[in-house]
Amino acid sequence: MRRFFMLMLCGLLLLSAVGCGGAQDKPETPAYELYFVETDLKEANGRGALRAETAYLPEELADAGPEEQAKSLMESLLQGPLDMTLKSPIPTGTSLLSLKLQGGRATVDLSAGYASLSGVALTLADYAVTLTLTQVPEISSVKITVRGQELAYRNKQTFASRDVLLVPEEDVVSTVQAVLYFLDENGALAPEERTLDLYEGDTQVFAVVRALENGPAGKKLSAVLPEGFRVRSVWLEEDVCYVNLSSSQLETLPPEADLHTAVASLARSLCSLETVGEVRFLVDGEFARLYGTVDISEPYMFTD
């Protein structure tokens, strides 16, 4: 079912600004994309279910903080599209109760109408909100609640823009074999062999991190990365893989988050690539001794 969702969400068409006079008559305020759903998916011509139209922040918010800008974007998203070939994935009448930004995560609290969504409709709405808000540079992930409560029937509660596959399946340029480590029924790390798709611009190490964040393919294993945990960046230099983590997300992770197991899973999974000899962890781009309570001062090498 996860793969079905991803295929539905592939491809985007960025529209030019709408309204009288065109873009040249708009005030010089930041331009953003508001994400909506195709009214008729048959007319999407393979682009996918989500499509965007350009919006501009009010002039008075051009120099406002990221939280105020995000609130303005969210309010605009709730108003719906101007393009008649688009429709809002969010139920009519849904209102923004609050939006708080902490440590790179925006928590969006919506009124009760949002709770009527489920299945593909909920996925589309969650991703429309996520893609819209993560354009604000200070926002790396989004959590959506309804009247202060999580929707218990969701597979995950926090989303990042990388969760949405934005390219069609036929744009896969290569694949790579990897062994990903998730949690078994006893809470121990267990391997899952996977063939990962690589799209244009992807690296093998990024594909591994993305797959870990998306969770296991098999039903017998469960996600290993704590809710809200994100890798800031990852890259390979010769045979050394550098994994850059954010210190700010430590403030928003749940108290029960098992960072030791998360770090071990990342290191083992990345070392399963033939191109990776060792993994080094960074914090905010710098070498560090600890990440939370986890010792990351030494390189990690793993052979099965």
Side-chain angles (χ1 to χ4, degrees), residues 103-105 134 137-138 140-141 158 160-163 165-167 171-184 188-217 221 223-253 257-304:
R105 182 174 72 183
T134 53
E138 292 82 0
S140 58
S141 62
T158 304
S161 59
R162 71 180 65 174
D163 295 330
L165 185 62
L166 298 183
V167 290
D171 285 351
V172 173
V173 296
S174 182
T175 60
V176 63
Q177 298 296 126
V179 180
L180 307 181
Y181 287 82
F182 297 102
L183 297 178
D184 64 16
L189 288 177
E192 180 181 79
E193 295 185 7
R194 296 272 289 276
T195 300
L196 305 178
D197 293 334
L198 298 178
Y199 301 90
E200 186 174 355
D202 273 355
T203 62
Q204 293 183 0
V205 292
F206 174 77
V208 166
V209 170
R210 178 175 60 201
L212 283 175
E213 291 181 343
N214 287 335
L221 300 178
V224 64
L225 301 184
E227 188 70 43
F229 181 96
R230 300 288 171 186
V231 172
R232 189 169 181 176
S233 56
V234 59
W235 67 95
L236 189 65
E237 294 183 12
E238 296 184 348
D239 68 340
V240 180
C241 179
Y242 294 91
V243 182
N244 185 25
L245 303 175
S246 172
S247 61
S248 62
Q249 73 177 348
L250 292 171
E251 305 171 8
T252 60
L253 293 175
D258 186 350
L259 290 178
H260 287 83
T261 304
V263 167
S265 168
L266 280 164
R268 288 191 180 193
S269 300
L270 289 164
C271 281
S272 76
L273 296 172
E274 292 183 358
T275 53
V276 176
E278 67 180 48
V279 174
R280 295 297 308 264
F281 287 94
L282 308 175
V283 180
D284 299 332
E286 302 289 340
F287 288 109
R289 188 173 68 86
L290 295 173
Y291 185 66
T293 59
V294 184
D295 187 345
I296 57 170
S297 58
E298 297 296 325
Y300 191 103
M301 292 174 282
F302 177 76
T303 55
D304 197 358

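None of the values given here were measured: they were computed from a predicted structure.
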**Study point:** Close side-chain approach of Val224 to Leu180, heavy-atom, < 4.5 Å
**Key:** no

Check your understanding: Taking only residues two or more places apart in sequence, or in another chain, which ones meet Glu251 in a side-chain hydrogen bond (donor to acceptor under 3.5 Å, both in side chains)?
Key -> none

Review point. Hey, does Cys241 have a side-chain heavy atom less than 4.5 Å from the side chain of Val234?
Key: yes

Practice item. Only counting residues at least two apart or in another chain, list the ones meeting side-chain hydrogen bond (donor to acceptor under 3.5 Å, both in side chains) with Arg194. Key: Glu192

Point to revise | Ser233 side chain to Asn244 backbone, donor-acceptor under 3.5 Å | key: no

Practice item. List for me each residue that meets side chain to side chain contact (heavy atoms under 4.5 Å, CB included) alongside Glu238, sequence neighbours excluded, and say none if there are none. Key: none

Practice item. Would you mind listing every salt bridge (Lys or Arg N to Asp or Glu O under 4.0 Å) that reaches into residues 282-297, with sequence neighbours excluded? Key: Arg232-Asp284

Exercise for review: Taking all non-hydrogen atoms of both residues into account, name the closest pair between Ser140 and Ala160 and its distance.
Suggested key: O-CB, 3.5 Å

Check your understanding: Closest heavy-atom contact between Leu198 and Ala207?
Key -> CD2-CB, 3.4 Å

Revision key, fill the gap. For Ala262 and Pro226, the nearest pair of non-hydrogen atoms, with its separation, is CB-CD, 3.8 Å

Practice item. Give, for atom CD of Glu298 and atom CZ of Phe281, the distance between the pair rounded to the nearest 0.5 Å. Key: 13.0 Å

Check your understanding: For Thr252, which residues count as a side chain to side chain contact (heavy atoms under 4.5 Å, CB included) partner, sequence neighbours excluded?
Key -> Gln102, Arg105, Gln249

**Study point:** Shortest non-hydrogen contact from Leu221 toward Asp184
**Key:** CD2-CA, 3.8 Å

Check your understanding: Taking side chain as C-beta onward, heavy atoms only, is Asp239 less than 4.5 Å from Thr275?
Key -> no

Point to revise | Chi angles and distances behind the side-chain contact (heavy atoms from CB on, under 4.5 Å) call for Leu250, Leu259 | key: CA-CA 10 Å; Leu250 292 171; Leu259 290 178; 3.7 Å; yes

Point to revise | Flag if over 12 foreign heavy atoms under 6.0 Å of CD, Glu193 | key: no

Practice item. Identify, with sequence neighbours excluded, every residue that meets side chain to side chain contact (heavy atoms under 4.5 Å, CB included) alongside Glu138. Key: Pro66, Leu101, Val136

Point to revise | For Thr293, all residues meeting side chain to side chain contact (heavy atoms under 4.5 Å, CB included), sequence neighbours excluded | key: His260

Review point. Sequence neighbours excluded, which residues qualify as side-chain hydrogen bond (donor to acceptor under 3.5 Å, both in side chains) partners of Gln177?
Key: Thr195

**Study point:** Partners meeting side-chain hydrogen bond (donor to acceptor under 3.5 Å, both in side chains) with Thr261 (sequence neighbours left out)
**Key:** Asp258

Exercise for review: State, with a plain yes or no, whether a side-chain heavy atom of Leu245 is found less than 4.5 Å away from one of Leu282.
Suggested key: no

Practice item. Could you tell me which residues satisfy ring pair (Phe, Tyr, Trp, His ring centres under 6.0 Å) with Phe287, sequence neighbours excluded, listed by chain and number? Key: none

Taking distance alone, no hydrogens or angles, what donor-acceptor pairs closer than 3.5 Å link side-chain atoms of residues 263-273 to residues at least two apart or in another chain?
unit_1, atom_1, unit_2, atom_2, d
Ser265, OG, Tyr181, O, 2.6
Ser269, OG, Tyr181, N, 3.0
Ser269, OG, Ser265, O, 2.8
Ser272, OG, Val179, N, 2.9
Ser272, OG, Val179, O, 3.3
Ser272, OG, Ser269, O, 2.6

Exercise for review: Taking all non-hydrogen atoms of both residues into account, name the closest pair between Phe229 and Glu213 and its distance.
Suggested key: O-OE2, 4.2 Å

Study note, to complete from the structure: All heavy atoms of Tyr291 vs all of Ile296, minimum pair found to be CB-CD1, 3.8 Å

